[in-house]
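In what follows, chains are A, B, ... by sequence order, proteins preceding strands, each numbered from 1. Basis for what follows: all heavy atoms, side chains included, without hydrogens, waters or symmetry-related copies.
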Amino acid sequence: MLEKSLLLSERLSRLLVWTGGVLIIGSALLVTVEVALRKILNVSIGGADELSGYAFGVATTLGFSFALFERAHIRVDALFPFFPAWLRTLCNFLGLVLLVGFAGVVTTMAWSLVADTLEHGSRSITPLRTPLALPQIPWLFGWMFFVFCGALLGLVALMRLMRGDGAGANLLIGVKSVEEQIEDEAV
Amino acid sequence: ADKPVTVKAVGTWGSLTNYQKHEGPFWNDHINAATGGQIVGEIRPQTELGLKGFEIMRLVKNGVFDYAFGLPGYVAAENAVFEGADLSSLTQDIETQRKVAEAYFPTLEKAFADIYNAKLLQLYPFPSQTLWCNGEVNGLDDLDGKKIRVYATTLGDFVEGVGGTSVTVPFAEVIPALEKGVVDCGITGTMSAYKAKWHQVATHAYTLRVGWGLAFGAMNMDKWNSMSPEQQAMLKRELDALTDAMWAETATEDEVAISCITGGACEIGEPGAMTLVAPSEADLKRRDQVANDVVLARWAERCGEDCARNWNETVGSILGMKAEAK
Amino acid sequence: MLVKTLLILIALIALAVPVAASLGWLGLTLQYLESPMPLHRALGDMVWQTGTDFLLVAIPMFVLLGEILLRAGITERMYEGIVRWVGWLPGGLMHSNIGSSALFAATSGSSVATAATIGTVAVPQIEKRGYNEPLFLGTIAAGGTLGILIPPSINLILYGLLTDTSVPELYLAGFIPGFLLASLFMGTVVILCLMRRGWGGEAIRTDWGARLAALPALIPPIGIFLVVVGSIYAGLATPTEAASLGVVAAMILAARNGKLTLTMLRHAVEGTMRTTSMIMLIILAAVFLNFVLSVIGLTTALTDFVSGLGLTPFQTMLLIIAVLVVLGCFMETLSMLLTTAPIITPIVIALGYDPVWFGILLMVLLETALITPPIGINLYVVQGIRGRGEIVDVMKGAAPFVITMFAMIALLLAFPQLALWLPSLVY
Ligand code: NA
Ligand code: NA
């Protein structure tokens with residue numbers, strides 16, 4: 001059940017990353033059109049910079065969970081190889097708990113920001129007057145999904161560990177091993 | 001005796017006079033001495049803290065800071081009412097601008113209380129916002145068809161009202177943008193323009209006042225209520241004196257900056273060599289029309305009927321203007 | 001307070017807690033210990049404001065530009081082309097790493113993006129020719145840092161903003177030191193490879209025919225260079241906008257090569273977002289940490305300490321440099337710039353130093369910070385691309401270039417004209 005949710009979440013995180021990619025490429029095209037129109041017709045779409053800022057912010061948070069599954073959030077593993085196995089396992093869980101915990105604090109605060117935005121119907125103070133809820137809701141979703149995936153990942157890893165499947169747990173939250181990486185590249 | 005109060009404050013830009021001469025010394029030193037240790041403070045500029053200014057009042061509301069200096073125009077995301085005392089191009093001299101600020105104070109006071117749970121205690125200006133152009137500009141008509149960098153909705157309204165194209169470029173990118181003609185003109189304060197050396201990339205200073213960078217000082221309401229009436233009175237008295245000093249300072253600073261940037265007398269640094277273009281009578285007439293038809297009309301639209309009516313009764317009666325959605 | 005801060009950070013890092021979480025929890029812990037105010041409540045607003053800052057949009061754009069050029073095979077051909085020109089030097093491909101970085105730096109405003117792009121092309125080459133792996137990785141990490149010294153540069157723009165210094169002057173001032181530093185990096189490689197014969201890998205033989213034949217491979221990147229930098233100087237776009245133009249130009253080039261497929265874009269996007277999200281989470285945590293450090297007065301305490309010592313201007317400058325080098329070990333560069341520039345620059349100007357010159361010196365110090373452990377973003381980027389082995393390898397390999405950067409700092413101190421001559425011709 002949990003394992004299956006994990007698989008689904010992982011697939012969703014990939015979809016989110018592609019969405020983020022569409023936003024980034026879309027921004028690049030929008031800015032290019034803005035630059036061209038400004039030069040050729042002397043008109044401005046207005047706010048291409050602002051919109052690409054939102055796209056960037058949203059894409060970034062949508063990518064957090066993908067980076068988590070890929071174990072791309074950097075850890076300095078200088079002392080790691082010298083630790084005994086139990087300490088390494090402990091560190092893996094500690095690292096995940098702290099990462100998700102910090103994201104949790106941010107998410108709570110981001111939630112209150114978005115709640116205020118909705119309450120006041122806040123708009124950006126630029127000529128575009130963007131209703132801020134539009135970019136902030138998907139942005140908040142990125143944070144929430146990141147926390148959700150982190151918690152799920154921790155639970156599944158814990159379950160595998162209790163089943164005696166240390167290697168399986170490591171596969172989820174450990175530092176990437178050489179073999180896994182080579183496998184990644186082959187795919 | 002009352003328990004001494006400690007106030008944690010956040011200021012505006014650390015590189016500008018308002019912070020260096022007024023906001024900073026007031027909270028870091030003056031208030032302690034003036035109240036015999038009854039009120040002590042500590043302040044850092046938003047620039048040092050890595051803040052952008054738009055979030056300042058939410059931080060006061062959430063209790064991250066007790067007191068904040070900032071720009072109502074920057075916190076206008078929650079409500080267009082905050083724009084009302086600094087709408088583009090309406091006032092051309094600082095005396096009138098002070099009257100406008102005072103007339104609008106009760107409106108803003110209520111908005112700060114309702115939206116940010118904060119006590120508004122000060123309104124003061126930054127040096128006036130004018131146009132800095134790379135290329136010849138001899139009057140308002142020359143702005144037609146020009147690409148002009150703006151940073152706020154009301155400035156965009158003004159630029160579009162005079163037939164220009166409003167472009168949003170971050171402050172950090174204005175210099176290369178002006179130098180290379182990505183934009184023809186940029187809007188910023190006189191002293192900021194001089195200090196950021198815009199004269200190295202722009203040729204004409206067109207001194208129609210398109211804004212004042214009106215700023216506020218406000219305190220978290222719970223903090224304010226936690227003070228004794230004597231402490232509140234003391235703080236109010238000292239802040240009023242600070243406000244007066246800031247209005248006086250800005251009045252002279254505007255002239256100093258314009259003189260410096262256009263190659264006049266300059267005691268604060270190397271003079272620039274921009275051509276000074278003052279707005280003509282005809283320019284001011286045309287400005288009246290743009291202000292009425294575009295700047296005020298659009299603002300009335302986004303602010304709502306009650307908000308516009310209130311403005312007409314307060315600021316409008318001083319300026320002899322009327323905000324009406326078209 | 002300083003000692004406490006360092007101890008907490010070192011402990012978190014040593015336990016292999018993710019860097020972003022280490023910085024974030026350090027901030028939260030210091031807030032709990034030192035501040036009466038609920039600073040964490042600023043997190044939502046700070047993360048939103050910084051996370052959507054248009055100036056940072058250049059980061060994913062330059063990474064994506066790199067990914068597309070890479071997957072269209074364009075970077076690899078450019079790299080091979082540069083190999084034919086500089087590969088004969090002792091150290092072979094490592095010079096190509098540095099040369100390509102310098103060239104790419106002239107189109108990219110970000111050191112992270114420069115390291116990511118050149119790294120992606122260069123890393124697969126390690127095994128092919130038997131280089132000393134750490135040193136090879138070090139050339140990429142160090143070469144990548146040139147991204148912020150050679151204009152365009154996001155960091156120079158920010159420095160100009162924070163200290164009221166003219167950005168065009170700063171851009172001009174960065175040219176000579178940038179290319180000089182690239183040459184010094186190459187010199188470092190030559191010296192190391194002459195000292196240790198095994199480090200330089202197989203010798204690369206080539207001739208003039210091959211060199212000339214390689215020239216067409218340089219045309220596409222030069223085209224991108226013309227779009228990204230040319231559009232700025234032709235008055236078409238701001239430096240941040242230019243990054244987006246670069247992405248579009250790269251897509252057009254890839255399309256011409258018949259490589260612009262959905263699958264290719266999907267892979268490019270996955271790579272881009274993995275890097276961007278990882279870096280941004282660290283930047284966001286670092287921005288919060290700096291906020292806490294400023295509020296609790298740690299930053300000011302440091303400055304007061306420096307100015308209270310009563311040293312000569314030159315001694316003070318050396319002390320400032322020493323402090324920045326130490327800070328650079330532990331801080332992410334963007335936050336380091338944002339916190340230190342507004343505080344230190346006034347001191348430096350009061351001592352009689354030129355703010356443009358100091359801007360360039362500060363860039364070199366930031367470059368140092370990018371490759372000094374434990375917090376060095378370029379180290380992470382290179383390790384991220386390499387994706388195997390331990391990060392200690394990258395740290396070891398980057399170490400010699402830290403020394404080279406110290407030499408560059410000494411040169412800037414001895415000959416301020418290196419930075420100031422070019423702007424003096426214009427302004
Ligand atoms: Na660069
Ligand atoms: Na470092």
Side-chain angles (χ1 to χ4, degrees), chain A residues 27-28 30-57 60-61 102 104-137 139-140 143, chain B residues 52-55 57-59 61-62 64 71-83 86 88 111 114-117 144-160 163-173 177 180-184 298-299 301-304:
Chain A
S27 312
L30 181 69
V31 169
T32 305
V33 171
E34 155 82 18
V35 167
L37 285 182
R38 206 167 55 203
K39 192 66 193 178
I40 301 165
L41 300 177
N42 210 26
V43 297
S44 171
I45 310 172
D49 58 338
E50 184 184 337
L51 293 176
S52 40
Y54 299 142
F56 162 60
T60 305
T61 66
F102 178 65
V105 177
V106 176
T107 307
T108 317
M109 295 305 130
W111 177 280
S112 101
L113 173 76
V114 179
D116 270 15
T117 297
L118 289 172
E119 186 193 333
H120 297 296
S122 304
R123 286 164 173 269
S124 72
I125 62 153
T126 60
L128 209 55
R129 292 185 33 76
T130 314
L132 288 171
L134 289 181
Q136 280 180 356
I137 288 172
W139 170 81
L140 177 62
W143 281 106
Chain B
K52 311 232 184 290
F54 309 114
E55 68 285 73
M57 279 316 294
R58 283 190 28 85
L59 299 191
K61 177 184 167 189
N62 288 330
V64 177
L71 267 56
Y74 269 37
V75 302
E78 274 79 7
N79 199 314
V81 72
F82 290 108
E83 296 176 63
D86 198 6
S88 185
D114 291 348
I115 296 175
Y116 296 123
N117 186 38
D144 190 36
K146 290 261 191 301
K147 285 170 289 204
I148 301 173
R149 177 263 176 178
V150 303
Y151 58 84
T153 318
T154 183
L155 294 173
D157 292 341
F158 169 78
V159 164
E160 281 156 33
T165 304
S166 72
V167 181
T168 48
V169 174
F171 188 83
E173 295 205 317
K180 302 301 175 190
V182 172
V183 296
D184 302 303
R298 288 191 186 176
W299 179 69
E301 174 98 41
R302 61 178 179 265
C303 191

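A/Ile125 approaches B/Gly73 most closely through the heavy-atom pair CD1-O, 3.4 Å. Closest approach of A/Pro127 and B/Val150 over heavy atoms only: CG-CG2, 3.9 Å.
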Could you list every donor-acceptor pair linking chain A to chain B (distance under 3.5 Å, backbone and side chains)?
{"unit_1": "A/Asn42", "atom_1": "O", "unit_2": "B/Thr165", "atom_2": "OG1", "d": "3.2"}
{"unit_1": "A/Asn42", "atom_1": "ND2", "unit_2": "B/Gly145", "atom_2": "O", "d": "2.7"}
{"unit_1": "A/Asp49", "atom_1": "OD1", "unit_2": "B/Thr168", "atom_2": "OG1", "d": "2.8"}
{"unit_1": "A/Asp49", "atom_1": "OD2", "unit_2": "B/Thr168", "atom_2": "OG1", "d": "3.3"}
{"unit_1": "A/Asp116", "atom_1": "OD1", "unit_2": "B/Lys61", "atom_2": "NZ", "d": "3.4"}
{"unit_1": "A/Asp116", "atom_1": "OD2", "unit_2": "B/Arg58", "atom_2": "NH1", "d": "2.5"}
{"unit_1": "A/Asp116", "atom_1": "OD2", "unit_2": "B/Lys61", "atom_2": "NZ", "d": "2.7"}
{"unit_1": "A/Arg123", "atom_1": "N", "unit_2": "B/Ala77", "atom_2": "O", "d": "2.8"}
{"unit_1": "A/Ile125", "atom_1": "O", "unit_2": "B/Thr153", "atom_2": "N", "d": "2.9"}
{"unit_1": "A/Ile125", "atom_1": "O", "unit_2": "B/Thr153", "atom_2": "OG1", "d": "2.7"}
{"unit_1": "A/Thr126", "atom_1": "O", "unit_2": "B/Thr153", "atom_2": "OG1", "d": "3.0"}

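Neither the backbone nor the side chain of B/Val159 comes within less than 4.5 Å of any heavy atom of chain A. With a 4.5 Å cut-off on non-hydrogen atoms, B/Leu155 does not touch chain A at all.
Rounded to the nearest 0.5 angstrom, B/Phe54 CZ and B/Leu59 CG are separated by 13.0 Å.
Per-residue heavy-atom pair counts under 4.5 Å with chain B were compared for A/Leu113, A/Leu128, A/Leu132, and the maximum is reached by A/Leu113.
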